[in-house]
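Everything on this sheet refers to the single structure shown next.
Read the numbers this way: they start at 1 and go in the same order the structure lists the ligands and their atoms. If you read the sequence from its start, that first residue is 1, and numbering goes on from there.
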Amino acid sequence: MTSTSRPFVLAIHGGAGVIERAQLSEADERAIRADLHAALQSGQAILAQGGSALDAVEAAVVALEEFPRFNAGKGSVYNAQGRHELDASIMDGSCGRAGAVAGVETVRNPIRLARAVMEHSAHVLLISRGAEEFADTLPQVERVANGWFDTDTRRQQLQLEQARERTEAVDAGNLRGRYFGTVGAVARDVHGHLAAATSTGGMTNKRYGRVGDTPLIGAGTWADRQVAVSCTGWGEYFIRNAVAHDIAARVAYGGATVAEAADQVIRQQLPRLGGDGGAIAVDEQGNIAMPFSTSGMYRGWIGADGSQDTAIF
Ligand code: ASP
């Protein structure tokens, strides 16, 4: 650290959703918290050495993508065709640059490809085949067969959803509970720069081609000089309400603290409109906010005072 440096801050999430305390065994809770802790350490290793917030959020998200308990990378949910389509985005608050991918099927760590879109293309968002073809040009982006993302738990969730669909009328109201386990990270590095990253398999039984909020800058991810935000929840609502940017805008133009802004959007506005979910946010002073309107949100943080913890409910 230099004499002008400030303490780094890191927050991560492993998704908000219907997580009932009674249904989560102690062993599962321990395992999830251990995964969150490991992801925090991946980011911390970079930040503690004076590395950038951008590198740290990417590293934390890569770690979470590798853990099959989360709905991102390995362990992603299935779409209605029984395949995996992955979305991710990343934003560097220090310069306002961003990169994203949607509907990729063979990229082991979509967040790495999102960063490559930001750094090695003239674009912000590449989708499906075009994104895969771009990945073909990048030896550092590892590829896998779509079946590599398979897990029994997600297969069972798909079967359950499809059985439910056959017996219940499909309306917007019963999409709740189809998401669970999207991952994200926000950080402030010792130079005071902010960054955010988010990665997901989307919603179980989603239509082929459906894109959620996660790869949409301003909806699922946002970072500027004042605030960095990563969201999780029922994506359609996050898109319609530009949730990640709305939180930042309330700070920038409305004079709200990051805690007030995140709370207003996530716990007041979204539920009023019928959506739900959560977000993690950090501001330039190093304050962290982690509100959610669901029964739980997997999360972990390292505060400016060095305190570190994980939580679910
Ligand atoms: N927001 C994600 C989506 O709609 C899902 C999630 O956060 O779990 O694709």
Can you tell me which portion of D87 lies within the under-4.0 Å heavy-atom range of ligand 1? Options are side chain, backbone, both, or neither. neither
Does only the side chain of R210 get under 4.0 Å from ligand 1, or the backbone, or both, or neither? Count heavy atoms. side chain
Main-chain N/O of Q285 paired to R188 side chain as donor or acceptor, under 3.5 Å: yes
Please confirm whether R240 makes a cation-pi placement over Y237, using NZ or CZ under 6.0 Å from the six-membered ring centre and within 45° of the ring normal. yes
Please determine whether a side-chain nitrogen of the Lys or Arg among [X] and [Y] lies less than 4.0 Å from a carboxylate oxygen of the Asp or Glu.
{"X": "R210", "Y": "E85", "result": "no"}
{"X": "D189", "Y": "R6", "result": "no"}
{"X": "D276", "Y": "R267", "result": "no"}

On a heavy-atom basis, the closest approach of V107 and F149 is O-CZ, 3.3 Å
Element-labelled atoms of ligand 1 that are located less than 4.0 Å from some non-hydrogen atom of [X]:
{"X": "T182", "answer": "2 (C), 5 (C), 6 (C), 7 (O), 8 (O)"}
{"X": "D213", "answer": "1 (N), 2 (C), 3 (C), 4 (O)"}
{"X": "T214", "answer": "1 (N), 2 (C)"}

Aromatic ring proximity, centroids under 6.0 angstrom, H13 and Y298: no
Taking N or O atoms only and a 3.5 Å limit, does [X] qualify as a polar contact for ligand 1?
{"X": "T232", "value": "yes"}
{"X": "G181", "value": "no"}
{"X": "G235", "value": "yes"}

Tell me whether G233 reaches ligand 1 (any heavy atom closer than 4.0 angstrom to a ligand atom). yes
